2 protein chains.
Amino acid sequence: MLNLLKITTPAFLDLLPPAVADQIIAASVLMKYSNGQLIHTRGSLKPGLSIVHKGAAHVGVNGIDGTFVMVAALGPGECFGEFTLFTELPRTHDISSIGESHIYQLSQYKFDILYQRESSISKALLKTTLMRTHILLEMLDAIRRLPILERTAKVLLSMLYTLGGSNVLRGRQDELAYTLGVTRVSLGKALKELSRLGLIEIGYAKIAIPDHAQLSDWVELNCGT
Amino acid sequence: MLNLLKITTPAFLDLLPPAVADQIIAASVLMKYSNGQLIHTRGSLKPGLSIVHKGAAHVGVNGIDGTFVMVAALGPGECFGEFTLFTELPRTHDISSIGESHIYQLSQYKFDILYQRESSISKALLKTTLMRTHILLEMLDAIRRLPILERTAKVLLSMLYTLGGSNVLRGRQDELAYTLGVTRVSLGKALKELSRLGLIEIGYAKIAIPDHAQLSDWVELNCGT
DNA sequence: ACTAAAATGATAAATATTTTACATTTTAGT
DNA sequence: ACTAAAATGTAAAATATTTATCATTTTAGT
């Protein structure tokens, strides 16, 4: 799954000292969800922190026409719902399970107790959130300033940083197209051109970047700063 | 100044108990900057929290061609630089003074001491950051999904929430155009159409919204969810 | 009141992007 | 190996947006 918010963002749970992570897990209820099942609904007022244990969660918004617009996919260790803990506002997104997932659910009450006691929690949460903000700003800037070709190259490069060693991005072109804010047709043209330049190799539901450095150089040269 | 990040975001300093805010101020150095003076440079490694006391700060990126691309303007009570405190990464933006400004500069060392002692600091910082993330997600979604007319209406409405009582947005059309990711010409057409619909009144470097509820209804009807 | 600068308004030609429709390739499951 | 489903490839017409200019309006400062 091509995943914007995952870029260079270490998972919340991995940022905590193991002992603290254990305490959070101990205070949580582990819930299981089947494929597509709703975990939280936009507008819901019940606060609480959720952390993915196994599987993954879809973050998105259900449009008026019933279409599900994806914002991000969150994997093991990643958290959501933190917005409700600190703002007293209703949930802003619909969250549903991708495949079967196991999610730790931590109530606001129990979260507050741990939060007060362990300062590592606020630090991990801030780091996660600040990295997300940073990625969103980069993304917004790319969409506003860069033509599709450059935008595509830049986002592909960013996404590559997630993968430890691999150089293959998995995901459908229409997903990537939505992330970039263009149609699949336009993305297709951009990918073809990047392929022609020898920067990427297009596959079936995947894109390979044979030479990270080469793409990096191209982006530096063509996308400014 | 039209300001994306200000929408519905209470300033960091206002979220703190007065006693804690005083402690932060006492631990800071108050620096003065003249119009256009650089406060921080992208790439700089020196961490620290900055809080606007008087005036305002430009957050942006200097493009290769020397153009200054604005990301946000921050006013009194608002903070920046928190990214450097929690990520050990270099600064991601150039920040410069708008007019004459007074900025509290707090070193990482002094910040850490206060942060450890007063949990209200992490709470305020998280609330600020999470609100910013939320606004960025909304913005990104609007740019990706909505045609210019709808996008314009939605962002104008969002911006209105900042202003306590007033219903006048001040700022140039080309600034707003950049925020929306379009040219001034395209924005001009959208504004004209919204004006024709009776939803806004276009002025010189300002836009008035005579009837908040009417615009709100229109956005609800035309922008989904 | 006058003037220069700043900001908006307006237009047409050039480009870029989407829409629509259908063809081809690839994969997973039998 | 075969088939249906999923994903990508392609092309042309329709639409949207930008670029480039110039005119007009508004403001701030004398």
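So that the names make sense, note that chain A is the first sequence line, chain B the second, and so on, each numbered from 1. Given the structure is predicted, the values throughout are model-derived calculations rather than measurements.
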Open item on the list: Using the side-chain heavy atoms of A:Thr183, tell me which of these nucleotides is nearest: D:dA20, C:dT18, C:dT8.
Closed with: C:dT18
Open item on the list: Side chain of B:Arg172, heavy atoms from C-beta onward: which of C:dT20, D:dG9, C:dT8 has the nearest atom to it?
Closed with: C:dT8
Open item on the list: Main chain of A:Arg42, side chain of A:Asp94: is a donor-acceptor contact present, judged purely on distance under 3.5 Å?
Closed with: yes
Open item on the list: Taking only side-chain N and O atoms of A:Ser186, does any of them lie within less than 4.0 angstrom of OP1 or OP2 on C:dT18?
Closed with: yes
Open item on the list: Counting only heavy atoms and a strict 4.0 angstrom limit, can you tell me which residues of residues 188-199 of chain B come near DNA chain C?
Closed with: B:Lys192
- [ ] Verify the contact: side-chain N or O of A:Gln173 to OP1 or OP2 of D:dA6, cut-off strictly under 4.0 Å; return yes or no.
- [x] no
Task: Rounded distance in Å - CD1 (B:Ile202) to P (D:dT24) - done: 19 Å
Open item on the list: Rounded to whole Å, how long is the line connecting atom CG of A:Leu146 with atom P of C:dA16?
Closed with: 15 Å
Open item on the list: Could you check whether A:Ser97 and A:Gln37, counting side-chain N and O atoms only, form a donor-acceptor pair closer than 3.5 Å?
Closed with: no
- [ ] Starting from the 5' end of DNA chain C, give me the residue, A:Leu187 or B:Gly203, whose nearest nucleotide shows up first.
- [x] B:Gly203
Open item on the list: What is the separation between atom OH on B:Tyr178 and atom P on D:dT18, rounded to the nearest whole Å?
Closed with: 13 Å
Open item on the list: Among A:Thr87, A:Ile51, A:Leu125, exactly one meets side-chain contact (heavy atoms from CB on, under 4.5 Å) together with A:Glu82. Which residue is that?
Closed with: A:Leu125
Open item on the list: When both hydrogen-bonding distances must be under 3.5 Å and the geometry is Watson-Crick or G-U wobble, what is C:dA10 paired with, if anything?
Closed with: D:dT21
- [ ] Starting from P on C:dT18, measure out to CG on A:Asp174 and report it in whole angstrom.
- [x] 14 Å
Open item on the list: Can you measure B:Leu180 atom CG to D:dA16 atom C1' for me and round it to whole angstrom units?
Closed with: 16 Å
Task: Watson-Crick or G-U wobble mate for D:dG29, both contacts under 3.5 Å - done: C:dC2
Could you write out each protein N or O paired with an N or O of nucleotides 22-27 of chain C at a distance under 3.5 Å?
residue, atom, partner, partner atom, Å
C:dT26, O2, A:Tyr204, OH, 3.4

TODO: Nearest whole angstrom, please: distance from the C1' of C:dT17 to the CD1 of B:Ile148.
DONE: 12 Å
Open item on the list: Measuring from the side chain of B:Ala205 (C-beta onward, heavy atoms only), which nucleotide among D:dT17, C:dA7, D:dA7 has the closest atom?
Closed with: C:dA7
Open item on the list: Under a 3.5 Å threshold, yes or no: a donor from one side chain and an acceptor from the other, between B:Thr183 and B:Ser186?
Closed with: yes
- [ ] Test B:Thr152 against every option in B:Leu157, B:Val182, B:Leu187, B:Thr179 by the side-chain contact (heavy atoms from CB on, under 4.5 Å) rule and name the one that passes.
- [x] B:Leu187
- [ ] Check for a donor-acceptor pair, side chain of B:Glu193 on one end and backbone N or O of B:Ala190 on the other, with a separation under 3.5 Å.
- [x] no
- [ ] Take A:Lys54 and A:Glu100 through the test salt bridge (Lys or Arg N to Asp or Glu O under 4.0 Å) and record every step on the way to the result.
- [x] CA-CA 8 Å; A:Lys54 263 177 65 174; A:Glu100 173 157 301; over 6 Å; no
Open item on the list: Tell me if a side-chain donor or acceptor on A:Arg151 pairs with a main-chain N or O of A:Leu146 at a distance below 3.5 Å.
Closed with: yes
- [ ] Under a 3.5 Å limit for both distances, which nucleotide forms a Watson-Crick or G-U wobble pair with C:dC22, could you say?
- [x] D:dG9
- [ ] Classify the angle between the aromatic ring planes of B:His40 and B:Phe80 as parallel (below 30°), tilted (30 to 60°) or perpendicular (above 60°).
- [x] perpendicular
Open item on the list: Tell me the interatomic distance from B:Arg151, atom CZ, to D:dA16, atom P, rounded to whole angstroms.
Closed with: 13 Å
TODO: May I ask you to establish whether A:Arg91 and A:Phe83 are in a cation-pi arrangement, using a distance under 6.0 Å from NZ or CZ to the six-membered ring centre and at most 45° from the ring axis?
DONE: no
TODO: Specify the separation, in whole Å, of atom CG of B:Leu176 and atom P of C:dA7.
DONE: 14 Å
